[in-house]
Amino acid sequence: MTTPSVAPVLRMLLAQTKCEVLMRWRVPAFSVTNLVLPIVFFIFFGLPVANLRSADGVSIGAYLLASFGAYAVGNVMVYGFGIGVANERGMKVDRLMRASPLPPLVFMLAKVVTALAFAFLALVLLIGFGIVAGGIRETPLVWATVILRLLAGSLPFIALGFAIGYWSGPHAAPAIANLIYLPLSFASGLFVPLGQLPEFIQNLAPFLPSYHYAQLAWSALGAGHESLGVSLLWLAGYTALFLTLAVRTYRREERAKFA
Amino acid sequence: MTPVVELEGARKRFGAVEALKGVDLTIGAGELVALLGPNGAGKTTSIALMLGLRQPTGGRARLFGLDPNDRRARSRCGVMLQESGTTAVLTVAEIVDLFRAYYPSPLPTTRAIQLAGLNEKAGAKIGTLSGGERQRLYFALAVCGDPEALFLDEPTVGMDVETRRAVLDSIRSLSAAGKTIVLTTHYLEEADQLAHRIVVIDHGIVIADATPREIKSRIPSKRVNFHAETAIADVVFKGLPVQNLEIVDHRVHLLSNEPEAVLRGLFERGVVVRDLEVTGADLEEAFLSLTRRA
């Protein structure tokens with residue numbers, strides 16, 4: 001007999017990802033919040049000023065698209081993982097999964113791939129809306145850079161989402177995700193440009209992860225406040241911090257349930 | 001041939017409670033074994049150790065000769081657990097298809113769904129299933145990988161009579177096809193109908209490990225009730241084959257495998273018996289009395 005003793009990992013990953021996509025798509029709390037909410041925010045905060053330019057010639061419309069793009073991707077990650085993982089723990093999905101031959105890493109990787117796909121879709125819809133409805137013009141290369149940087153830089157928010165998901169219960173997770181992510185986004189100048197925010201928030205912003213995350217997109221438009229290296233360093237630091245929290249909460253759960 | 005399951009002096013402590021107090025159990029390929037015991041006896045903990053869902057605090061657990069957490073061992077097992085859930089928004093066929101992907105050579109999706117008797121619900125969202133249908137779905141997830149061994153923790157809980165019969169039939173045919181099956185139940189009748197071997201667990205130890213026939217022979221099969229004309233005490237029954245003796249005033253209730261011998265003994269000792277009833281004992285009640293005694 002030459003039957004393989006375990007299933008191929010790629011086949012598992014594909015099947016798992018397909019189901020993750022279906023699950024996220026069919027729950028409006030995820031799909032609508034992920035894809036529609038950033039556009040609604042942009043309609044309120046961005047469209048009215050879409051055709052203005054700053055003193056140094058940057059399109060305000062494009063700047064705000066980049067800001068809401070950063071908000072949108074972080075949103076997909078923090079909510080998707082935070083609430084998704086907490087819900088699955090509440091439904092005891094983990095017990096059945098744990099007894100199955102699926103490696104836990106593949107289970108998590110499928111979630112990450114799915115979240116990246118939704119984040120990509122959210123960005124395409126948001127930027128497409130800005131171009132069509134707001135007449136905002138940048139070169140395709142600029143948009144591609146914004147999208148790529150936001151996807152690649154989302155790691156700290158994936159880690160933050162996992163930490164919330166393992167730390168909180170299914171009922172508390174939405175509140176906790178909101179309480180952390182909304183103020184973070186606001187204070188980082190993602191909804192209203194920093195210059196228009198109170199001074200203490202302007203002083204606070206440079207210590208926040210979403211501030212440095214948004215720099216990745218703003219600097220692609222020539223409107224960054226710091227060099228790419230500095231942004232990446234801050235994001236790496238926050239990734240380490242959130243990942244430590246996520247691993248600690250995950251281990252705590254492992255000890256309680258599977259020790 | 002490597003046994004499917006090996007527990008060697010397996011102990012499991014949860015805080016102050018010792019759920020398993022040294023279980024030795026070997027299950028070979030092709031066996032159909034029922035772990036039988038009242039709620040809280042340690043059946044679920046035993047299954048959890050076999051599957052690596054819990055780690056023993058003493059002794060050792062092996063699955064196909066490997067660490068139970070080894071993916072090669074897991075890939076040869078299908079499981080149905082109590083207290084586990086799954087998403088509500090996928091359809092039955094979608095999730096069965098997903099679980100098939102975890103195994104090297106799974107059954108066709110329709111075959112797994114058919115074995116669980118869920119054909120008509122294949123396109124239904126999991127959230128719309130009744131409790132019994134959900135149990136059948138978990139059964140489908142356990143068998144869809146065409147694994148060599150099935151671990152079914154209380155597989156028929158929450159099922160109506162018809163569903164239960166269908167699932168028990170599926171279990172029998174899987175066993176006939178050579179699968180190793182380990183199931184837990186707290187019904188002696190179910191274990192008796194299905195298993196070739198019954199392992200009785202109580203208070204965290206194995207108190208019996210034998211064929212259904214042997215187990216039943218140890219359990220008192222008759223209930224005897226009567227009214228004694230004069231007040232009698234326990235000592236009257238000394239040396240007679242009685243169990244679960246209860247004397248309330250003049251009413252006497254007892255269980256026995258040999259009611260004739262009991263009555264003969266009582267007559268010889270001059271006990272005057274009225275309103276005598278000898279009936280078949282309720283199997284489950286008799287069995288529970290056995291475990292309580294241990």
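Here the structure is a predicted model, which is why all the values come from computation and not from measurement. We name chains A, B, ... by the order of the sequence lines, and we start the count at 1 in each one.
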Where is the tightest heavy-atom contact between [X] and [Y], given as atom of each residue plus distance?
{"X": "A/S5", "Y": "B/P104", "answer": "O-CG, 3.7 Å"}
{"X": "B/Y102", "Y": "A/M12", "answer": "O-CE, 3.6 Å"}
{"X": "B/A101", "Y": "A/A7", "answer": "O-CB, 3.4 Å"}

Is it the backbone or the side chain of [X] that comes under 4.5 Å from a heavy atom of chain A, or both, or neither?
{"X": "B/P106", "value": "side chain"}
{"X": "B/R100", "value": "backbone"}
{"X": "B/E148", "value": "neither"}
{"X": "B/F99", "value": "side chain"}
{"X": "B/I95", "value": "neither"}

Sub-3.5 Å donor-acceptor pair from the side chain of [X] to the main-chain atoms of [Y], do we have one?
{"X": "A/Q16", "Y": "B/L98", "value": "no"}
{"X": "A/R11", "Y": "B/Y103", "value": "yes"}
{"X": "A/R95", "Y": "B/L53", "value": "no"}
{"X": "B/R54", "Y": "A/K257", "value": "yes"}

### Query
If you measure from SG on A/C19 to CG on B/D97, what distance do you get to the nearest 0.5 Å?
7.5 Å
#### Entry: Gap separating the CZ atom of A/F258 from the CG atom of B/N69, nearest 0.5 angstrom
10.5 Å
## Note on the structure
Given B/T57, B/L51, B/T86, B/L90, the one with more heavy-atom pairs under 4.5 angstrom with chain A than any other is B/L90
Identify each donor-acceptor pair in which a side-chain atom of residues 31-38 of chain B lies under 3.5 Å from a protein atom, sequence neighbours left out, and give them as a table.
unit_1, atom_1, unit_2, atom_2, d
B/E31, OE1, B/R197, NH1, 3.0
B/E31, OE2, B/G28, N, 2.8
B/E31, OE2, B/R197, NH1, 3.1

### Task
List in chain and number order the residues that pass side chain to side chain contact (heavy atoms under 4.5 Å, CB included) with B/L66, two or more places apart in sequence or in another chain; answer none if no residue qualifies.
B/D70, B/R72, B/A73
### Query
Less than 4.5 Å apart, any side-chain heavy atom of B/R71 and any of A/V9?
yes
### Query
Is the shortest heavy-atom distance from the side chain of B/V89 to the side chain of A/R24 under 4.5 Å?
no
### Message
Tell me whether A/R248 at atom CZ has more than 12 heavy atoms from other residues, nucleotides or ligands lying less than 6.0 Å away.
### Response
no
### Message
Tell me whether the count of non-hydrogen atoms from other residues, nucleotides or ligands lying under 6.0 Å of CZ in B/R172 goes above 12.
### Response
yes
### Under 4.5 Å from any heavy atom of chain B - which part of A/V106
neither
### Query
Given a strict heavy-atom distance threshold of 4.5 Å, which part of A/A110 is in contact with chain B: side chain, backbone, both, or neither?
neither
### Result of checking A/M23, A/E88, A/R26 against B/T87 for side chain to side chain contact (heavy atoms under 4.5 Å, CB included)
A/M23
